[in-house]
Protein chains: 2
Amino acid sequence: MHSQNLINIISDQLPNLNKSESKVARVILADPDSATRSSIAALAKAAEVSEPSVNRFCKRFNAAGFPDFKLKLAKALVSGVRFVNRNVDPDDEVSSYTPKIFDGTINNLAMVRDKISHSRVNQVVDKLIQAKRIYFFGVGASGSVARDAENKFFRFNLPVSFHDDVLMQRMLASTGSTGDVFFFISHTGRTKEVVEIAEIARASGSTVIGLTAPDSPLAQVSSVTLDVEVPENTDEYMPMTSRIVHLVILDVLATGVTLRRGPDFLPHLEKIKNSLKPTRYPRSN
Amino acid sequence: MHSQNLINIISDQLPNLNKSESKVARVILADPDSATRSSIAALAKAAEVSEPSVNRFCKRFNAAGFPDFKLKLAKALVSGVRFVNRNVDPDDEVSSYTPKIFDGTINNLAMVRDKISHSRVNQVVDKLIQAKRIYFFGVGASGSVARDAENKFFRFNLPVSFHDDVLMQRMLASTGSTGDVFFFISHTGRTKEVVEIAEIARASGSTVIGLTAPDSPLAQVSSVTLDVEVPENTDEYMPMTSRIVHLVILDVLATGVTLRRGPDFLPHLEKIKNSLKPTRYPRSN
DNA sequence: CTTTATTTGTAGTAAACTTACGTAAATTAT
DNA sequence: ATAATTTACGTAAGTTTACTACAAATAAAG
């Protein structure tokens, strides 16, 4: 299991800190990387507190002292998480907003990586393995995720399709039967139309899988759900990253299915890969 | 390899070091983790050299001084455990392959984040801002990325469309004119059909943007390229992550365009957001 | 309003790190 | 081989950094 990242711990604890400690926390979270390179005096000055306050802050987070804290912070940064609550500012340059967006995405991925239920993943892989037929449903931005899922899963020699048209989805859901898997992808899990279609699919006796927000209406009507908790983007400039998390989870599921199929299945995948060769210019190097 | 691990660098350089420096190196390599926690005096004593020798050793490896060196060493230790052994094994359990896939994706994002050319991003944002019309083209897995791009960019009040059908793409490319932007998304940049279409678009006087592998045939026919170098997946079980990197880059571009449009444009985005409200179940909390 | 607890800062001290300089070792040339 | 020159290394001093003890200030409780 992954240990919770120091930066996340700090931002979680932010409300529980007293005045000067939270000042320190904010300065560190604003630019953790530069924090690892600065002295206790510099950090104290930046946070407008005294040096011992910085020291006390470090000890609160189970560090021996300031140098030890910096070390732990540096390690936390490597695992991919930087600029946690650095929002894009209206006057940001390319060189600022580019890493911020990457880091925001990376941060969300790391969070879901540590939170996702492995037993749920296993359950979903089970359902997908047993499926006679798989439908990936999504609308709007999730439609692209569903399309990508189709592209991954057709390799398993199963009847797979994706649909981003709600009328089509509704008709297919109503004709479902035992052994069919309807895989719903939705960021909010609150789109009425989608929830209704999931209910129809469920009523038809099919398996309904929801890749969506926990406790959402869609989650409630699903047979199995994969919970994805990604912070709502309050910031106007910050993109929605749930799509990307969804894609990675579908990668995980596809890998799970491949592994279950065993090594005998690899030649089939190889064949598909090779089929594309004649469409490409050969590599010179 | 571009980001060689500090520990490997030290052991590579071991024969080139002089007497006292190699003493220091051996002590550090024997237990790098404890080295990150010890003072310069303790390390000097353990290596039986003077403190300045340790300091000189650090500077030789491009550190500002001893503390900076310890920081870099600590980072190297973390990246070693997390990112090195990231291939999925045939006998991996859910609890193993799930974090591996997330980490693999995160690793690639971090690599591209550090490598991407900000001036290129700026150039592409320029072109998109000036565009009279934007076409996002992709086939196969990149088709989903193109579809997602359409979903992001239509918000800018521009004629935008995506196409995953090569015949459609070919026809549209031939009818292009100055002011049109054809945005090609391709992992390899070597699909003959796609390169041909890009050539047609280019010949029509339109701007061709390539989000693809550097130095690929597609990159060569593009007006501007955004290079994405993601390692080829030699491992059968590891998913292709370039799609995800492409999506994040499109997020970056969309943010760039939003920022250029300025704050007057925010109400428009808000309006689009609000338009979806009636389709959703309201949140209870 | 006083007392008590908590938070925060000041000042002093110890430790850690770096720099300058001088000596020793090694290399090269004579 | 030995002098000259370069390179390596350590001593000592200076500077920065971090920690501790204590006191002032603030907040909470009686």
Side-chain angles (χ1 to χ4, degrees), chain A residues 6 9-77, chain B residues 6 9-77:
Chain A
L6 176 60
I9 294 174
I10 294 173
S11 51
D12 283 356
Q13 287 296 315
L14 206 65
N16 304 338
L17 299 175
N18 45 40
K19 219 187 296 176
S20 55
E21 281 175 335
S22 76
K23 278 190 202 169
V24 176
R26 267 191 290 269
V27 171
I28 291 172
L29 291 176
D31 191 350
D33 188 59
S34 96
T36 63
R37 276 179 278 103
S38 60
S39 70
I40 192 166
L43 199 70
K45 198 177 168 196
E48 297 178 308
V49 297
S50 69
E51 298 184 20
S53 288
V54 176
N55 189 268
R56 282 186 283 262
F57 173 88
C58 297
K59 288 185 173 165
R60 181 183 254 268
F61 289 99
N62 300 315
F66 184 67
D68 184 46
F69 177 83
K70 282 198 289 190
L71 222 68
K72 291 191 159 127
L73 190 63
K75 286 182 176 177
L77 288 175
Chain B
L6 178 58
I9 294 174
I10 294 174
S11 51
D12 284 356
Q13 287 295 315
L14 206 64
N16 304 339
L17 299 174
N18 46 38
K19 219 187 293 176
S20 55
E21 281 176 335
S22 76
K23 279 190 202 171
V24 177
R26 267 191 289 270
V27 171
I28 290 172
L29 291 176
D31 190 353
D33 188 61
S34 95
T36 62
R37 276 177 280 102
S38 60
S39 70
I40 192 167
L43 199 70
K45 200 178 167 193
E48 297 176 307
V49 297
S50 69
E51 299 184 20
S53 288
V54 177
N55 191 272
R56 280 188 283 261
F57 173 88
C58 298
K59 286 182 175 168
R60 181 185 257 267
F61 289 97
N62 299 316
F66 184 66
D68 185 46
F69 177 83
K70 283 198 289 188
L71 223 68
K72 288 188 163 133
L73 190 63
K75 286 183 177 176
L77 287 173

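Since we're looking at a predicted model, the values are computed, not measured. Below, chain A is the first sequence line, B the second, and so on; all start at residue 1.
Scored by the ring pair (Phe, Tyr, Trp, His ring centres under 6.0 Å) test, B:Phe69 finds B:Phe57 as partners (sequence neighbours excluded). Scored by the side-chain contact (heavy atoms from CB on, under 4.5 Å) test, B:Arg26 finds B:Ser22 as partners (sequence neighbours excluded). With sequence neighbours excluded, no residue forms a salt bridge (Lys or Arg N to Asp or Glu O under 4.0 Å) with B:Asp31. The ring pair (Phe, Tyr, Trp, His ring centres under 6.0 Å) search around A:Phe66 returns none, not counting sequence neighbours. Applying the side-chain hydrogen bond (donor to acceptor under 3.5 Å, both in side chains) rule to B:Glu51 yields no partners; only residues at least two apart in sequence or on another chain are considered.
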Next item on the list: Using a 4.0 Å heavy-atom cut-off, write out nucleotides 7-19 of chain D from 5' to 3' as B (base contacted by protein), S (sugar-phosphate only) or - (no contact).
Entry: -SBBB-----SBS

